[in-house]
Structure formats: C-alpha cells, structure tokens
Amino acid sequence: MKRKILAAALALLLTSCGGGLFPPETSDPAGSSGESVVPETVLPGTEEPRVLPVSVDGQILIADTNGNEIFAGRGVYLLPDVFTNEPAYIVKRRYESMDRSEDDWVIDAKIFSTLYDLTGKELRPERECMYVTAFGDYLVSVENAYRGGMLERVSTGERLLDGVVYTSILGQKYVALSDADSEPMAWIDREGNFRDVGDFWSCYQSGNPDYYITHDRDYTLQGVVDQNLETVLPLAYQSLNVVGDYILTWDGTTSQALLLPECREVLALEGRRLNYFDGEVGIAGAGADDWGYQLVDARGEPLHEEAFDYFLPDYANAPCLAFATTDQYGNAVLLDRQGRVLLRQAGASVTPLLRDRYLLSWWEQDSGEGAAAGVSHCMVLDSKGGTVVPDGRYSWISQVWGMDGSSGYLQGASESSGYSVLDLLNADCSLRISGLREIYGISGDYISVQKGFSAGIMDLDGNWRYKTSIFHSISDE
C-alpha cells in the first residue's frame, strides 16, 4: 500500500525528460516581464498544415499544426529539402550492431532506413542505407558505411547516378555530388539539370545571401561567386568575407574593401587585416607588429588607441550598431560606432544576440572552500549600453533556432521552485510565451515545445495546435 501511495505521489511530480520537474500548466516564472495565457484547448486546423517534430519520452513524434499525429518512434527524423529548409520526408532509422569493444561500446553497425512522405505513407521499404540529402524530386542515399550510394528521382524510382557518397550545397541552385574519395562527379540543380563541375571545390554562404565564398580543394585559396555560381572574384586570396555590400579580401600582405557589385576598391590597408567593414566603420588588425584589433573609420584610421583581443561583429545585421569585444585583461567591453567605451565589466563576456541586443553574462562562484557550484548571471543591453533585461530575471538567454538558422526569437531561462522554466521572447526581449519546459525549435509561425505535463506544437500566440500528454504513472510490479 505504501508503495502505491508513493508511486502516485511521484507520478504527479516526475516526467520522462531527464527526470526534471515540470511547472504547473499555468505557472509563470518568477521575474517574467509579463503574463502569457496559454489556452489548453487545441485550435482546429484551418490552413495548410506544417509538420514539426516533438520529443516525447526519448522518442520523436511527428505531428502537424492541424492537430494530427503522423508518426512516432525511435530513430525518426524529418529530412528537409536543402534549398527550402522545409521538411521533405520522414525517415525511420535503426541500427544493427556488428562489432563491440571490450567495454561493450558499439564500434561497427549496419544502418537501415525506411522513407515516408509527410502523411506517413511508406515510399521506400526498409533497406541498408542512410538518406542524407533531398531536393525537389531528388534524393541521395548512402550505403555500406560511406563506400557507396546513389542519386535517384523519387517519383519514378530512377537511379540517375551511382557511387554518390558526399554532397554539398552550392548557393541556392546546385548540389555538388562526390564519390567515396571526395572526387567531384557532377553538379545538379533542383529541377534535375546536370552541369559540369566548376573550377572551385565547394562554397558556403557569406554574410550577404546573394554571394558565396568559394575555396579550392586544399582550402588554401578563396574566391567569391554569385547565386548563379558565376565568378565575382577568382580563387586568388588567402581569406575572404562578404559583409553587407562589401567584399573584404586578404592576400597575406594587404586588405581591401571592395564595393559590390562592381568590386570597386574603397579601402586598402597594408599589413593590416580587415575583418569587418560597412562603409563607415571597420575592424582591422592593429598592425603587423602590434597585438589586437581596433575599430577604424572609412579611411582606415583608428577610432581609439586601445587594442582589443577580438571582436564579435554581428555580420548578419550589418551595419552593427555597437561592437562587442574583450580587452587584454579578459574584461567584457561594448563600444559604440565612434569607438567610445559604453561598458567595461570584469569577469564577464558580451556577445551580440540580435540587432540592437547584446548579452552580458558572468558566473558568480559560490563562497566556501572547495565549492564548485555557482550562479549564472545575465542581462541584455541595447546598442547604447542601456539595460533592456536586468540581471536576476533570467539565468541565461539565447537565440531560438529554426530549420534555416536564427528564428529571430530568444529564450530566457529562470529557476522556480527547483525547476527550470523558459520564456519565449520577441526580438526586442518582450515576453511572447511564458512557463515552457523545453523549446525544440521554430518552423514558420509554429514552435515545438514542452509545457507542464504536455508536449506538442504551439502557434506563436501560445495556442496549442497539437498536444499530447507526457504524464507517467508508476505501477506496482
């Protein structure tokens, strides 16, 4: 009888997510900047649904925003289209152990995968492979521990190219296909049109979504191409970056700032590497024989005498409104665009969060001999050094990521009665949804979360669009 009473009591407190405690459904973390009422009913679907994953008891559950549960199981994941970042297929993967170490660790295994569409309909029966890249009507699968693979057209089942093992994305138009030895095989676009391999090995997106940084096979030279993979700058530079409308080059002796699209030189610095430039303010090395970096004006002249260890410019939101850096003593420093110090704090770090939002964080060690624990502190500042979120409201704040990068939202964690709760914050740090237990990610206008004893999908107004219970009872054996 005692065991049954204890089991009932524990069932009200425990969840399956790491044994953590969940807040009541209506709880609001202490110190939140407002209230968010989350309706417990699931709104009916009235639109084309979006599909998101939800984590429940160590399994992944695939559901849509119309409240439908599509698929569930271990080893389940969504395979996105590499060009749109939208879910393309559901994949269920399982492993068969082939060899174990003396400590019983799996050191070799076979991988089997089954492919489904987004309604849960089986498209390909289970076979020994991994589905790795999807785009349009095309799919790449890898077999035999990356020793073989193929490109196929999903709608017809046609094998278009055998021996494909590695893929990389080239701009917003092509996928590069390579064999087991990483030798290039072909480029193919979303419509299935093949193109001869170009003169660069691969490329990645720069700070300007219209341009891409290319590099050779040995990763020793870099260049720039546009969205159509046409050459803007040849493979001739030790390093390159694109910040807004400027390409920043470094050939080992000279930095240039080139204005796009004509690549007209607007600034050249001998012996000083230019890491950021927006037409008015730049970040450059203090000099060939000098340590650190400085803010410079449009002519390359330093805006301050002090050199700093490193800068963390917010390339995605150039021109930066302020600059986060660290001095030679490890202190957090925030500078304005004129090079004036807005804030300097010992034992802390400062990093950009979103535009006009900067995170200042530090760790306060507990007093006492041998104490290893401490308290995490953070606050959010604006570009003038003013306080947006004060210390004490959250123990940490970070960006919430979507399938295609930053979602433009933040999450703030706080402690309440021994458990951690999360608030979803807008870009200006105002409260969006409070009292969440986990935030798994955002897709469009929807978010995959846990709240209290429920997990599922909410819209960004806090309405459940799909909800399932994660409550567990403990039965007597």
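Just so we're clear, the structure is a prediction, and the values are computed from it rather than from any experiment.
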Distance alone, cut at 3.5 Å: any donor-acceptor contact between the side chains of [X] and [Y]?
{"X": "S202", "Y": "H215", "answer": "yes"}
{"X": "R50", "Y": "S443", "answer": "yes"}
{"X": "S349", "Y": "S361", "answer": "yes"}
{"X": "T254", "Y": "R272", "answer": "no"}

Counting distance only, does the side-chain N/O of [X] pair as donor-acceptor with the main-chain N or O of [Y] below 3.5 Å?
{"X": "E438", "Y": "V449", "answer": "no"}
{"X": "T249", "Y": "S255", "answer": "no"}
{"X": "N208", "Y": "D210", "answer": "yes"}
{"X": "Y138", "Y": "E191", "answer": "yes"}
{"X": "T167", "Y": "L177", "answer": "no"}
{"X": "N317", "Y": "C320", "answer": "no"}

Can you confirm whether more than 12 heavy atoms, excluding those of [X], are under 6.0 Å from its [atom1] atom?
{"X": "D445", "atom1": "CG", "answer": "no"}
{"X": "D196", "atom1": "CG", "answer": "no"}
{"X": "E305", "atom1": "CD", "answer": "no"}

Presence of salt bridge, [Y] and [X], under 4.0 angstrom:
{"X": "R393", "Y": "D423", "answer": "no"}
{"X": "D327", "Y": "R344", "answer": "yes"}
{"X": "R432", "Y": "D461", "answer": "yes"}
{"X": "K173", "Y": "D189", "answer": "no"}
{"X": "E280", "Y": "R299", "answer": "no"}
{"X": "D278", "Y": "R337", "answer": "yes"}

**Asked** So, for F277 and Y246, is the gap between ring centers shorter than 6.0 Å?
**Response** yes

**Request:** Flag the pair F200 / W187 as yes when their ring centroid distance falls below 6.0 Å, and as no otherwise.
**Result:** yes

Atom pair [atom1] ([X]) and [atom2] ([Y]), whose distance is rounded to the nearest 0.5 Å:
{"X": "Y131", "Y": "I90", "atom1": "OH", "atom2": "CD1", "value": "13.5 Å"}
{"X": "S414", "Y": "W396", "atom1": "OG", "atom2": "CH2", "value": "10.0 Å"}
{"X": "D251", "Y": "Q256", "atom1": "CG", "atom2": "CD", "value": "7.0 Å"}

**Asked** Any idea which heavy atoms bring L460 and G444 closest together, and the distance?
**Response** CD1-O, 4.2 Å

**Prompt:** Aromatic rings F323 and F311: how do their planes relate, parallel, tilted or perpendicular, breaks at 30° and 60°?
**Reply:** perpendicular

**Message:** For a side-chain contact (heavy atoms from CB on, under 4.5 Å) check, start with the C-alpha distance between M185 and L161, then their side-chain angles and the critical distance, and finish with the verdict.
**Reply:** CA-CA 9 Å; M185 300 176 69; L161 191 61; 3.9 Å; yes

**Message:** Test side-chain contact (heavy atoms from CB on, under 4.5 Å) on W250 and L274; report intermediate values, then the result.
**Reply:** CA-CA 8 Å; W250 173 251; L274 195 60; over 6 Å; no

**Prompt:** Is there a side-chain contact (heavy atoms from CB on, under 4.5 Å) between V296 and Y276 once you walk through the steps?
**Reply:** CA-CA 10 Å; V296 299; Y276 170 93; over 6 Å; no

